[in-house]
Amino acid sequence: MACRAGCCCNSIGNINEDNARFLMLALLIIIYLLCGAAVFSALEHPKEKLAKERWAQRIEQFTHKYNLSQDDLKNFLRNYEEANVAGIRVDTTRPRWDFAGAFYFVGTVVSTIGFGMTTPVTIAGKIFLIFYGLIGCAATILFFNLFLERVITVIAFVLKFCHERRERRKAGPAQNCHRPSTGNRERRTDSLAGWKPSVYCVMLILGVAAILVSCCASAMYSAAEGWDYLDALYFCFVAFSTIGFGDMVSNQREMYKAQVAYRVGNFLFILTGVCCIYSLFNVISIVIKQVLNWLLRRLETPCRCPARGNRHTRRNVVVPGHMRPRRENSIETDAVNDSEADGRRMSGEMISMKDFLAANKVNLAIMQKQLSEMANGHPRQLGSSSRHNEFSGGVGALGIMNNRLAETSVDR
């Protein structure tokens, strides 16, 4: 069967690059979930079966020993499960809904940790939680993003300072022989002004910081809660990454040694740990996006049809590198290139749906770009030229790290 437009090469691959990256990431996440499910099933399922068998034996032994029916015993256990949801435990624990307990609860809500050991049971409490969490979670995510911006700025400043000292040390012997010329000094200044740290260095620093915070917090929890050190380390990752299973929760006893100091340390460690892990996750996402871009480039196949070179390719299409247009694309130039369609609109001629959607896409892109630059405090003039890269136009944490690292810079 003949192909449309006389070319059938790479017909499946001609999709928007952002959509291709999104679909590939979704596919990899599904594969990652399947692999994780297989590993956890192999590790935990035998233990679960053994625990169920032991529990059935204990129920049978208890009913025979005290001459009880299993139905009565199960009804009693169901009543205990309801009490457990309300915060009642066999061992004495601290009150859940005094001011200190409620403050701990709202902290787990707005940080999205959600341990689950304390939950509202009244209708009014559940309704209030919906509106309270809506504003609190949004404000906390904003706080995490601002923390990430400052951490990236500080790390970039320190790494740039170290880079400058290393460059001066390399140029030291030459400067002792003769004074450097003004042109050499200006070239060295320009190269240092455009220098940005690598995302791998930032990831390493954040990883070391997260490990140090987790190790110190684990030592405190191991001593205060009586947990094994590995269990305490597991709790730190679950809490700091805001997974919050709730199987292990800190600061739940009624009394501790040095209780005030422990509660303050618990609050500070959780706050610092969540911020560090959040920043580390976002930097790792940059590396994952680089891997996706590399995979997309590997999947590109050259088109050998002679008529293909005369056709106009769509913007953001996954096409071979040697066939991509040499001109520098940006949001501003895209708006200029659509002047022909604008002229048709001004003349009263009806426009097609394709032109309408293209114009809306350009307008939304310009609005998103301006909002991102205003939020980052780096507004640029509309006429300034910029080179498009895979990380531009991001929102949230990706927008904060855009053009701050070497791998996300348009000048690399």
Side-chain angles (χ1 to χ4, degrees), residues 29 33 36-37 40 44 48 51 55 71-148 217 221 224-225 227 231 234-256 259-260 262-278 281-282 395-397:
I29 289 176
L33 292 175
F40 281 112
E44 301 295 336
E48 181 189 20
W55 178 247
D71 293 336
D72 294 338
L73 181 58
K74 289 180 179 179
N75 289 331
F76 178 77
L77 292 176
R78 290 190 185 96
N79 293 331
Y80 174 72
E81 288 179 354
E82 295 177 359
N84 194 17
V85 172
I88 307 300
R89 298 292 188 273
V90 175
D91 298 326
T92 303
T93 57
R94 55 177 292 183
R96 296 297 179 90
W97 292 110
D98 60 348
F99 183 79
F103 183 80
Y104 193 86
F105 167 73
V106 296
T108 61
V109 170
V110 300
S111 62
T112 69
I113 295 176
F115 285 122
M117 79 292 179
T118 303
T119 55
V121 295
T122 62
I123 299 298
K126 293 177 180 178
I127 294 176
F128 178 72
L129 175 64
I130 295 174
F131 296 99
Y132 184 84
L134 182 65
I135 299 176
C137 292
T140 306
I141 291 174
L142 175 62
F143 174 80
F144 289 158
N145 286 332
L146 295 179
F147 178 86
L148 172 63
Y221 292 133
E225 301 288 349
W227 298 337
D231 289 337
Y234 158 80
F235 164 77
C236 287
F237 176 77
V238 170
F240 296 166
S241 60
T242 68
I243 297 175
F245 289 126
D247 54 342
M248 300 176 64
V249 182
S250 62
N251 198 20
Q252 295 302 303
R253 295 181 187 174
E254 193 172 7
M255 290 298 297
Y256 288 94
Q259 183 165 324
V260 176
Y262 174 64
R263 289 184 176 180
V264 172
N266 179 53
F267 174 77
L268 293 178
F269 270 124
I270 289 180
L271 178 63
T272 307
V274 169
C275 291
C276 289
I277 294 295
Y278 176 83
F281 283 171
N282 283 283
V395 295

> Which value, rounded to the nearest 0.5 Å, describes the distance between N282 atom CG and I277 atom CD1?
11.5 Å

> Hey, could you give me the CG/CD distance between L77 and E82, rounded to the nearest 0.5 Å?
11.5 Å

> Going by heavy atoms in the side chains, are E225 and Q252 under 4.5 Å from each other?
no

> Can you see which heavy atom on T119 is nearest to which on W97, and at what distance?
O-CZ2, 3.6 Å

> Between F235 and F115, how do the two ring planes meet: parallel, tilted or perpendicular, split at 30° and 60°?
parallel

> Using a 3.5 Å cut-off and no angle test, enumerate the donor-acceptor pairs between side-chain atoms of residues 98-106 and protein atoms at least two apart in sequence or in another chain.
residue : atom : partner : partner atom : Å
D98     : OD1  : G101    : N            : 2.9
Y104    : OH   : S250    : O            : 3.2
Y104    : OH   : S250    : OG           : 3.2

> Is there a donor-acceptor contact under 3.5 Å from the side chain of Q259 to the main chain of Y256?
yes

> Taking the side chain as every heavy atom from C-beta outward, state whether F147 and V274 have any pair of such atoms under 4.5 Å apart.
no

> Does D231 form a side-chain hydrogen bond (donor to acceptor under 3.5 Å, both in side chains) with Y221? I'd like the steps, not just the answer.
CA-CA 9 Å; D231 289 337; Y221 292 133; over 6 Å; no

> Which atom pair, heavy atoms only, marks the closest approach of F240 to I270?
CE2-CA, 3.6 Å

> In Å and rounded to the nearest 0.5 Å, what is the SG to CG distance from C137 to L142?
13.0 Å

> Kindly assign one of parallel, tilted or perpendicular to the pair Y278 and F144, based on the angle between their ring planes and the thresholds 30° and 60°.
tilted

> Let me confirm one number: the CZ-CD1 distance from F237 to I243, rounded to the nearest 0.5 Å.
4.5 Å

> What's the verdict on side-chain contact (heavy atoms from CB on, under 4.5 Å) for T118 and V249, showing C-alpha distance, side-chain angles and the deciding distance?
CA-CA 11 Å; T118 303; V249 182; over 6 Å; no

> Is it the case that the side chain of T112 and the backbone of T242 share a donor-acceptor pair, with hydrogens and angles ignored and the cut-off at 3.5 Å?
no

> Counting neighbours of OH on Y80 that are heavy atoms of other residues, nucleotides or ligands and sit closer than 6.0 Å, is the number greater than 12?
yes

> Could you tell me the separation between the CZ atom of F281 and the CG atom of L148, rounded to the nearest 0.5 Å?
13.0 Å

> Give a yes or no on whether the backbone of D71 and the side-chain of N75 come within a donor-acceptor separation of less than 3.5 Å.
yes

> With side-chain hydrogen bond (donor to acceptor under 3.5 Å, both in side chains) as the criterion, how do D247 and Y234 come out once you've worked through the C-alpha distance, each side chain's angles and the decisive distance to 0.1 Å?
CA-CA 11 Å; D247 54 342; Y234 158 80; 2.9 Å; yes

> Please give me the minimum heavy-atom distance between G125 and P120, naming the atom from each residue.
C-CB, 3.9 Å

> Rounded to the nearest 0.5 Å, what's the gap from CG on L146 to CD1 on I141? Could you check?
12.0 Å

